[in-house]
Colleague: 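To start, I am sharing the structure in question, which I have written as structure tokens.
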There are 2 protein chains.
Amino acid sequence: MNDGLKILQDHLALKVDIKQIDFQKFSNYTVTKHFNKGEYFLRQGQAARYLAFLFKGVMCSYAIDNKGEKHVIQIAVEGHWISDLFSFLTREPANYYIEAMESTEVLLLSQENFDRACVEFPVFERYFRLLIQSAFINLQRRITHIYKDSAKDRYLRLIAEKPEIVHSVPQHYLASFLGIKPQSLSRIRSEIARSGR
Amino acid sequence: MNDGLKILQDHLALKVDIKQIDFQKFSNYTVTKHFNKGEYFLRQGQAARYLAFLFKGVMCSYAIDNKGEKHVIQIAVEGHWISDLFSFLTREPANYYIEAMESTEVLLLSQENFDRACVEFPVFERYFRLLIQSAFINLQRRITHIYKDSAKDRYLRLIAEKPEIVHSVPQHYLASFLGIKPQSLSRIRSEIARSGR
DNA sequence: CTGCTTAATTAACATAAGTGAATGCGCGGC
DNA sequence: GCCGCGCATTCACTTATGTTAATTAAGCAG
């Protein structure tokens, strides 16, 4: 069993009881893939045929609107799943790009295998439900923070929670994730540097 | 079968194939409840013991922060589920209040019955996974809109999508949901009235 | 290593939303 | 039906972030 599967198994074990034998079978549904920095796992307009479980590296998902503005909506690090769920589920064209921010390793799970796994291993469907629930709860929290915290606070929180991304994700991606312009993030950073946090 | 169950059955049927007989059994897990305007389905600090399926009326969920500020995170109308998912799943104290904005009818599903339903009717667990997925996708969209649209645009979109709430939800709740102050919403509304949308 | 392209920083100015305060209206309780 | 309190509105002023633009720094291809 490779590294990625070990890490995935640990993540599954955090949420559900999965039998070794089931995980063994399930693991046959996944394939390992590598992305170099700057490579795309998904492009806006394509159908998202895979879910990716990230076990090394960092990926960002973002939309580009009709003014050419980038809107980063997720920064995924080790142990996160990433895809365009809407597209993955409906087979409609994706709304998001998903780009590797550094050399990145993932396990891929195709739509077909995802569906199979849900049917064959109820415990997997449960895992996935719990996973989405957590993701949903986190998004609700994120909205609350957007509303009640200043951009400076959100930046400080972000780098406290995911310190590893500071060195791998360009600042204008972070700014976009925070919902501000790169110039504003620059201003915030210089203010932090000057007067302390 | 009462009105609420009919509406719920229709909603289930939109996402999954559920046999009449299974729905019949499942429906025994729910109870109907009425809330008057201003009554609480849940309070911050309590454990959320139920999911509510709203088949008539309007409810809002919101957190109150340590400055006493209200942060509305969901406005639920007919056909929506509402609860504090985090609390419902973990049995930790809830982060949100959930208040009826007008006379409201719901079906309640307790934690125990929810768990039972997931085990007994895999199709229910599937329905619920799909439901949360949609909710997740909608939240992602909401964040994108917060970032790229002005408060005025978000207000116009809100009343276009849920026109019924304009008359039942007080303006300062709508403002909070949009992430702005009541005074700002007032300003925006008067601007719309003056110069057209 | 060099040079080109893109990213980050800084600054001056513009704008949207927040703040605090005064006014008046309306709904609910009696 | 009347009263009072909370809600909505308006206004003057403040503040955070956006915008535009110029400058410097950093990454990458050749």
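Owing to the predicted nature of the structure, the values given are computational and were not obtained by experimental measurement. Chain naming here is simple, since letters A, B, ... match the order of the sequence lines and numbering starts at 1 in each.
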Colleague: Between C:dC27 and B:Lys37, is there an OP1 or OP2 to side-chain N/O distance shorter than 4.0 Å?
Modeller: no
Colleague: Could you tell me the separation between the CD1 atom of B:Ile192 and the P atom of C:dA16, rounded to a whole number of Å?
Modeller: 14 Å
Colleague: Take the protein atom CG of B:Leu178 and the nucleotide atom P of C:dG18, then report the distance between them rounded to whole Å.
Modeller: 10 Å
Colleague: Nearest of D:dA8, C:dA7, D:dT9 to any side-chain atom of A:His172?
Modeller: C:dA7
Colleague: Do A:Phe136 and B:Phe136 have ring centres separated by under 6.0 Å?
Modeller: no
Colleague: Could you state the atom-to-atom distance from CE of B:Met101 to P of C:dC27 in whole Å?
Modeller: 15 Å
Colleague: Over all strands shown, is A:Pro170 touching base, sugar-phosphate only, or nothing at heavy-atom distances under 4.0 angstrom?
Modeller: sugar-phosphate
Colleague: Across nucleotides 11-20 of chain D, 5' to 3', mark each nucleotide with B, S or - according to how protein heavy atoms within less than 4.0 Å reach it.
Modeller: ------BBSB
Colleague: Is the CZ atom of B:Arg142 crowded by more than 12 outside heavy atoms at less than 6.0 Å?
Modeller: yes
Colleague: Suppose we call two aromatic rings close when their centres sit under 6.0 Å apart. Are B:Phe53 and B:His11 close by that rule?
Modeller: yes
Colleague: If we count only N and O atoms by modelled type, under 3.5 Å, do the side chains of A:Arg129 and B:Gln133 hold a donor and an acceptor together?
Modeller: no
Colleague: Could you tell me the separation between the CD1 atom of B:Ile75 and the CZ atom of B:Phe177, rounded to the nearest 0.5 Å?
Modeller: 5.0 Å
Colleague: Could you state the OH-P distance from B:Tyr173 to D:dG6, rounded to the nearest angstrom?
Modeller: 13 Å
Colleague: Over how many whole Å does the gap from B:Leu174 atom CG to D:dC7 atom P extend?
Modeller: 13 Å
Colleague: For the rings on A:Phe88 and A:Tyr50, is their centre-to-centre separation under 6.0 Å?
Modeller: no
Colleague: Using OP1 and OP2 only, check whether a side-chain N or O of B:Arg189 sits under 4.0 Å from D:dA8.
Modeller: no
